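Just so it is clear, the model here is predicted, and its values are computed rather than measured.
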Amino acid sequence: MKFQSIQALRGIAALLVVIYHGATFEGRLISENGFQETPLIGGLFLSGYAGVDLFFVISGFIMVWVTQDTRPAVSSSTDFLFARLVRVYPLWWLAAGLMVAYGLSTNVLALLAPGGGGEAPVRNSADYLAKSFLLIPQAELPVLLVGWTLVHEVYFYCVFALLMLAPRALLPWALMAWGGVVVAASFAGLAKPVATGFVTLAVHPMTVEFILGALAGLLVTSGIRRRGGVVTLVATLWLTSSLCLQGPPDEHTLLWGRVLLFGLPCTALVYGVASLEGRDRVVWLIPAAAGAIVCASLFQLYGLNPGSPAEARTQAVTVAAACGMLAMACVLWAGWLGGMNFPRRMHDLGPPLRRVFAFLGRTGDWSYSIYLLHLFVLGVLKMAFSWAGQYDALAPVFRVGAPGLLDNLVFLGCGVAGTLLAGWLGYRLVERPLTRGFGLARRRIFHRRQDMAAVS
């Protein structure tokens, strides 16, 4: 069974990261054009890096779900690890190779520094490039900066493959022991904001997000799917409020802060939507979405950012969350009332809502390509807007920072549309063919070996 709701969350996580980086490119364009305008992308979207935390939780959940019927054996463990690594590396090598080609042609890695103001010089040492392409932790970030998350993913897969050698009944205890080691290492002062080596990678607090997702997966696979609707509503409002409340990234945020502020509600959200879909009750996602939209929209109207005073952010989040809760209650009441009095009209709402849900699920399918390719899209878009914005006739649309919102809206719309298109193309032309090809090789290698072992 493929969870469409989990795929939808993947798509949302990818878009959060896209908009987060889009805010930086928008700010650079405004500055380069000589304006002082506040970027349109602000508020909770400046905490959009939390999409990574959601990815990690989902990853832990999926690992448990896809291995629920797997017997503990070396062949099963290597089969799993092969399947996961060929899912990660080929597209990563393509994206990283494109970045190296760009860097060698321009001598800078400007597209790879969305959080900074300058250009990063090209590192062309064989050791650096080898570690970047193999996703091995090192002092410098990979050649394509978003690859730092894949370094964590590969580590998760390797450890989980080892855990698969033990009986399934021991997995909950093994996961909790793994988490205990991470917590103990933090108390010992071994955890660092950025994993620059194997030790700091192994004990990074974000590992706990993967573990939490895996524990949520164990609950769902064990049939423990209670109060999925309520959990989803609470988790949605909790996560949206956390995005609004988060302050500027600092050492605390990069360690346990993001686990507590984002990892916990993401875990609850993944458990909630999976429980709902398992019971065919995804209709609860409608009031959840309504509450999130109202909460986020009201916070945006305050004009606050992570750098705003904590007291102001807290007050705004309190009002926004209360209104979001009220919106959820209104949608639930309207749904009940409509179902009682206008069942046919309520039924007619089903097809368009299912199409929206299906589209979000498809963006989840494209999410890996979106994640790896979005900086290229935004970088090319920035150059295009810089060129077109030089002409006065095109200034209202392409000169970002000019009076009015049209230029900002067009840049944001083109950025999202462009990354979705790139994600779709990457998935259709690269990911899906490679997945099918490696899937065939996987069956020939591992399933034949298992058949031979069974015969002997």
Side-chain angles (χ1 to χ4, degrees), residues 11 14-35 37 39-41 45 48-49 51 90-123 132 141-150 363 366-391 393-402 405-431:
L15 290 176
L16 275 175
V17 175
V18 169
I19 297 175
Y20 168 68
H21 285 153
T24 300
F25 282 98
E26 182 192 8
R28 285 186 184 180
L29 275 171
I30 292 172
S31 177
E32 291 174 6
N33 289 333
F35 296 106
E37 179 183 81
L40 177 64
I41 306 173
F45 291 112
Y49 59 84
L91 189 62
W92 162 249
W93 288 334
L94 174 62
L98 288 174
M99 196 60 245
V100 171
Y102 170 81
L104 291 176
S105 65
T106 62
N107 199 40
V108 296
L109 299 181
L111 286 179
L112 302 182
E119 297 177 334
V122 172
R123 287 290 308 274
S132 290
L141 290 168
V143 65
L144 183 60
L145 288 189
V146 294
W148 73 267
T149 62
L150 302 183
T363 63
W366 315 333
S367 60
Y368 186 44
S369 291
I370 289 174
Y371 185 69
L372 289 184
L373 301 177
H374 75 278
L375 287 179
F376 295 102
V377 174
L378 292 173
V380 170
L381 194 64
K382 175 179 176 291
M383 290 188 287
F385 270 66
S386 294
W387 173 81
Q390 298 175 7
Y391 301 95
L394 301 177
V397 177
F398 294 103
R399 189 175 295 167
V400 179
L405 295 178
L406 181 60
D407 53 301
N408 307 82
L409 290 172
V410 171
F411 179 79
L412 175 59
C414 290
V416 172
T419 52
L420 287 174
L421 177 60
W424 176 72
L425 290 173
Y427 175 75
R428 291 292 298 270
L429 301 180
V430 181
E431 277 193 81

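In this structure, Pro39 and Gly27 approach most closely via the heavy-atom pair CG-CA, 4.1 Å. For the residue pair Gly51 and Val17, the shortest heavy atom distance occurs at CA-CG2, 4.1 Å. Annotation for Ile370 and Ala14: closest pair CG2-CB, 4.0 Å, computed over non-hydrogen atoms. Contact between Ala23 and Ile41 at its shortest, heavy atoms only, is CB-CG2, 3.5 Å.
The salt bridge (Lys or Arg N to Asp or Glu O under 4.0 Å) test applied to Glu431 returns Arg87, not counting sequence neighbours. Legend: residues meeting side chain to side chain donor-acceptor pair (under 3.5 Å) with Tyr371, ordered by chain and number and at least two apart, are Thr149. Applying the side chain to side chain donor-acceptor pair (under 3.5 Å) rule to Ser132 yields the partners Gln138; only residues at least two apart in sequence or on another chain are considered. Residues satisfying the side chain to side chain donor-acceptor pair (under 3.5 Å) test with Asn408, not counting sequence neighbours, are Glu26, Glu37.
Here the CG atom belonging to Leu420 is positioned 12.0 Å from the CG atom belonging to Leu373, to the nearest 0.5 angstrom. Taking CG from Asp407 and CG from Leu29, the interatomic distance works out to 9.5 Å, rounded to the nearest 0.5 Å. Taking CE of Met99 as the start and CG of Leu372 as the end, the distance is 13.0 Å to the nearest 0.5 Å. The distance from atom CG of Leu145 to atom CG of Leu375, rounded to the nearest 0.5 Å, is 7.5 Å.
Ring geometry, His21 versus His374: the interplanar angle falls under 30°, so the pair is classed parallel (tilted spans 30 to 60°).
Residue pairs meeting the side chain to side chain donor-acceptor pair (under 3.5 Å) criterion with at least one partner in residues 416-427, sequence neighbours excluded, are absent.
For the pair Val18/Val377, no side-chain contact is recorded, criterion being any heavy-atom separation below 4.5 Å from C-beta on. Leu91 has its side chain within reach of Ser369: a pair of non-hydrogen atoms, C-beta onward, lies under 4.5 Å apart. Using a 4.5 Å cut-off on side-chain heavy atoms (C-beta onward), Trp366 and Arg428 make no contact.
Panel note: side chain Asn33, backbone Val400; a donor-acceptor pair is recorded below 3.5 Å.
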Side-chain donor-acceptor contacts of residues 380-391 below 3.5 Å, not counting sequence neighbours, with atom names and distances?
residue : atom : partner : partner atom : Å
Lys382  : NZ   : Glu32   : OE1          : 3.3
Lys382  : NZ   : Glu32   : OE2          : 3.0
Ser386  : OG   : Lys382  : O            : 2.9

- List the steps, then state whether side-chain contact (heavy atoms from CB on, under 4.5 Å) holds for Tyr368 with Val430. CA-CA 11 Å; Tyr368 186 44; Val430 181; over 6 Å; no
